[in-house]
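Report on one structure; see the data block that follows.
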Amino acid sequence: LVYNADSIVLRRIVARHEGGWSDTEGNPQAVVSLYNSIHVLAQNLLLLDSHPPGYFEAALYHPSNGPASAHIHTSGTIILDVAGSGVGWDDSVASSDNRLEDSVIWRADAAVSINGAAHAGVLERLTIGRTGSGVDDWGDHGGFSLGHSILWQVDGTAFAAVAHEGNVCFDPACSGETTLDPAQSGLLWLPRIEADSALAHAGPGGTRVGADVTRRLGVSGTLYGEAGYDGVTAQSLWPWPYEARIQAAMCADTSAGFCASSSLTRYVWEQLGNAMPPDVAGETLFVDGFEA
């Protein structure tokens with residue numbers, strides 16, 4: 001929870017909401033909530049396997065009810081197998097300069113839901129699939145735009161009160177958007193679009209559509225505003241850093257979700273049924289508790 005805060009960085013976090021209590025008041029729940037805050041940067045979040053009881057709002061939730069949220073940017077994030085919405089904006093005070101880019105929302109009840117006030121922002125280069133609905137502003141305010149994104153196997157409404165242009169929709173197609181089968185056009189693994197594929201050039205002017213979640217964002221240890229805090233580094237994000245330690249800490253039950261897989265990296269990369277590519281296979285090595 002980031003609440004009433006300024007200048008915050010969340011970087012390379014793995015989080016799962018398992019419930020564990022009885023909610024008797026109906027308060028909204030989320031995996032990560034960015035609440036009444038400004039200048040928040042979320043980089044390389046992995047929010048997954050969350051189906052708790054009670055009122056689960058969204059994996060990544062942006063409530064704003066005073067003071068107004070503003071300048072909240074998320075990039076390089078994967079939201080996988082969650083109840084509720086993958087990403088949600090909500091509540092009575094309009095938030096502004098929201099940004100979600102180069103991110104994946106896969107297997108959620110809804111992809112992006114916008115409710116309450118006239119929240120505004122930009123959604124760019126998303127890979128959305130196997131969701132109950134697409135990108136919907138249920139308050140009909142129309143403050144968000146979606147571009148350079150993939151919507152694949154989205155049930156229900158693909159867009160509602162959202163400006164959209166330069167996207168790819170398949171199974172079903174979307175009015176005014178390009179129709180390409182992602183499986184045959186360059187989407188073999190959720191974290192990337194294959195180079196020189198049809199999807200790599202399907203956007204306006206031959207630009208890429210879909211997410212690229214392959215590089216570590218922000219120099220490790222940098223705070224908001226410090227040199228390199230918001231850049232794309234040359235370091236690969238995969239194998240996921242410290243994945244063996246994460247799995248040991250989070251996987252007392254190995255029967256489901258990423259805990260049933262041999263690695264966190266393999267779980268994410270093999271969601272589309274293709275074996276993990278050779279350039280990603282492997283596990284992060286440690287020497288005396290530190291990455292080698």
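Of the N and O atoms on the side chains of Glu243 and Thr265, at least one donor lies less than 3.5 Å from an acceptor on the other residue. Remark: the His73 side chain and the Asp230 side chain contain no N/O donor-acceptor pair separated by less than 3.5 Å. In this model, no donor atom of one side chain and acceptor atom of the other lie less than 3.5 Å apart for Glu226 and Tyr224. Side-chain contact of Ser85 with Ser113: a donor-acceptor pair under 3.5 Å is present, judged by distance alone. Arg107 and Gln271 form a side-chain donor-acceptor contact under 3.5 Å, judged by distance and modelled atom types alone.
Atoms CD1 and CD1, from Ile150 and Ile193 in turn, are 4.0 Å apart once rounded to the nearest 0.5 Å. For the atom pair His51 NE2 and Arg16 CZ, the distance stands at 11.5 Å (nearest 0.5 Å). Going from atom CG of Leu146 over to atom CZ of Phe159 covers 5.5 Å, rounded to the nearest 0.5 Å. With rounding to the nearest 0.5 angstrom, the OG atom of Ser37 is 12.0 Å from the NE2 atom of His71. Rounding to the nearest 0.5 Å places CG of Asn4 at 8.5 Å from OH of Tyr35.
Sorted by first then second residue, the ring pair (Phe, Tyr, Trp, His ring centres under 6.0 Å) pairs that include residues 103-134, not counting sequence neighbours, are Trp106-Trp152.
With ring centers used as reference points, Trp89 lies under 6.0 Å from Phe144.
When the options Val104, Thr77, Leu46 are evaluated for a side-chain contact (heavy atoms from CB on, under 4.5 Å) with Val213, the one that passes is Val104.
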